[in-house]
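Just below is one structure, and these are the notes that go with it.
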There are 2 protein chains.
Amino acid sequence: MTTILIIDDDNELTELLDEFLSEHKFKTKVFHNPMEALNSLKASVPDLILLDIMMPEMDGFQLLRKIRETLDVPVIMLTAKGEVSDKVVGLELGADDYLAKPFEPRELLARIQSILRRVNSKNSMVDILNFESLDINKIKEEVVLDGKTVSLSTSEFEALLLFANNSNKVLDREFLVENLRGITWQTYDRSVDVLVSRLRNKLGETPARTRFIKTIHGVGYKFIATPYKK
Amino acid sequence: MTTILIIDDDNELTELLDEFLSEHKFKTKVFHNPMEALNSLKASVPDLILLDIMMPEMDGFQLLRKIRETLDVPVIMLTAKGEVSDKVVGLELGADDYLAKPFEPRELLARIQSILRRVNSKNSMVDILNFESLDINKIKEEVVLDGKTVSLSTSEFEALLLFANNSNKVLDREFLVENLRGITWQTYDRSVDVLVSRLRNKLGETPARTRFIKTIHGVGYKFIATPYKK
DNA sequence: TTTTATTTTCATAAGTTATTCACAAGTTAT
DNA sequence: ATAACTTGTGAATAACTTATGAAAATAAAA
């Protein structure tokens, strides 16, 4: 079971978070005190940390720095509204994401899942995904198609990775938006379409002649590729 | 047919919602009064509830709590802008989603569908239906007939799924129309016939030689297939 | 058999959804 | 500071899906 550590001095909020996350099949551990939280990390490491920025004793940044000295756990920073500069600082210090209070539960959930997915795929034993004529090297962030290196942008690479890790499954637009952008979409969003279009282009395919990414009309896309064996 | 319960005291809004959702093939039930809504739940349970937070008599949170005491229906909370300001509102009681007014109808639709998808996939343990020479894979949205992949449109796929889930039962036109289109039956409606025709065609059968979908003259259709066991 | 009712199919139009393009805004590198 | 690169947006276009009405085919009834 996935464990989430919540560090926030706001009792009311932690209670809600606890309840909400438990409902969504996470195991939670709550600390209102930074030092205690830090200590608990020595005993056991959670899968993810929700960390408030504003706390007595030690602020979230300091705590994050301390955590990062020894551990590489994904951290989502929580902060009161308005302070955009916090975001920059937080991300610089190695927070994996950032969420302004008040936030929508749906959004929190989406980001948690998105991060966990990323981490899991990163940590999976396999560094290189091989398909028929396509090699994806996660470490080198390199993609080789038919023997030739393809240069992808970061988001294109992430999209391809997401597809490759979910090959032969239909991924709907909502899933894609949430996992690639970590946000809930507002209006009808074409950014995913464009991303796919560009990715397809670089992989040398057209919607008509599609080798890897198939359109599922009305739903989303599906990555089709037969794993390659040497 | 998917039923959505709307609980909101704002007459104008419920009217719009009613109209919009009906257009999109949902059956709606509107209540302006929390108590009445609560009572109606004893008689029949909808597939999803749209619940306003601000209402006279009993606010949405209380109502949600009451609902959750006995039922596990997905709930989307509606709220006027600003009501939430410093609270992490939806977290409070396990609403499945949360939408701030004013919202785009399109977004509401997306979220409704997203939730329903989630619930449905949870409820149907089986992801793959196997028949003699026909495999239906819900995750891959793929149909394989005699070893060859058949490409179906979304509604064709849904129709096939409906048939497969009700195999060897006679499904009359009214049932089909309601479940596939969610519209009320019109005598001169041939859309189901056309849909079946196309589906048959893609499954490689003719009315004369039917392998799966048999016509029951004067009534409807029947899907005949023996579940396959490995 | 003839008549009537019902189903099937087709072409087409209308409606949706997907793709691409050019451009602008934002980033990063030089 | 400038250039090169990314990425989101809106608009135009393309592709796909689906409803409709009419005609053809089939089944049932007389």
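Bear in mind the structure is a predicted one, so any value in this text is a computation, not a measurement. Note that these values count all heavy atoms, side chains included, but never hydrogens, waters or copies made by symmetry. The sequence lines fix the lettering, A, B, ..., with proteins before strands; numbering per chain opens at 1.
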Residue [X], side-chain atoms from C-beta onward, closest of [options]:
X	options	value
P207(B)	dA11(D), dA18(C), dT9(C)	dT9(C)
S197(B)	dT20(C), dT9(C), dT6(D)	dT9(C)
V194(A)	dT17(C), dA27(D), dG10(D)	dG10(D)

Without decimals, in angstroms, what is the distance between [X] [atom1] and [N] [atom2]?
X	N	atom1	atom2	value
E141(B)	dT17(D)	CD	C1'	15 Å
L160(B)	dT17(D)	CG	C1'	17 Å
H217(B)	dA5(C)	NE2	P	12 Å
D172(A)	dT17(C)	CG	P	14 Å
K214(A)	dA18(C)	NZ	P	14 Å
N201(A)	dT19(C)	CG	P	13 Å
I216(B)	dT26(D)	CD1	P	18 Å
D193(B)	dA5(C)	CG	P	17 Å

May I ask you to say what [X] touches in the nucleic acid, namely base, sugar-phosphate or nothing, with a heavy-atom cut-off under 4.0 Å?
X	value
F157(B)	nothing
V196(B)	nothing
S155(B)	sugar-phosphate

Does a nitrogen or oxygen in the side chain of [X] sit under 4.0 Å from OP1 or OP2 of [N]?
X	N	value
R190(B)	dA19(D)	no
Y221(B)	dT8(C)	yes
T215(B)	dT6(C)	no
S153(A)	dT7(D)	yes
R173(A)	dT17(C)	no

Worksheet item: If each of R198(B) and L195(A) is mapped to the nucleotide of DNA chain D with the nearest heavy atom, which maps nearer the 5' terminus, i.e. the 5' end?
Response: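 Nearest-nucleotide comparison on DNA chain D picks L195(A).
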
Item to complete: Take K202(A) and S191(A), find for each the nucleotide of DNA chain D with the closest heavy atom, and name the residue whose nucleotide sits nearer the 5' end.
Response: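 Closer to the 5' end of DNA chain D: K202(A).
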
Discussion item. Both distances below 3.5 Å, Watson-Crick or wobble geometry, any strand: find the nucleotide opposite dT18(D).
Written reply: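 dT18(D) is paired, partner dA13(C).
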
With no hydrogens and no angle check, just 3.5 Å: does a side-chain donor-acceptor pair link [X] and [Y]?
X	Y	result
T215(A)	K222(A)	no
T14(B)	H32(B)	yes
T2(A)	D47(A)	no

Discussion item. Please give me the minimum heavy-atom distance between G220(A) and R173(A), naming the atom from each residue.
Written reply: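 Heavy atoms of G220(A) and R173(A) come nearest at CA-NH1, 4.0 Å.
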
Worksheet entry | Sidechain N-carboxylate O distance under 4.0 Å for D193(B), R190(B) |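 Answer for the salt bridge query: yes.
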
Worksheet entry | R200(A) side chain to I213(A) backbone, donor-acceptor under 3.5 Å |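 Checked: pair present.
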
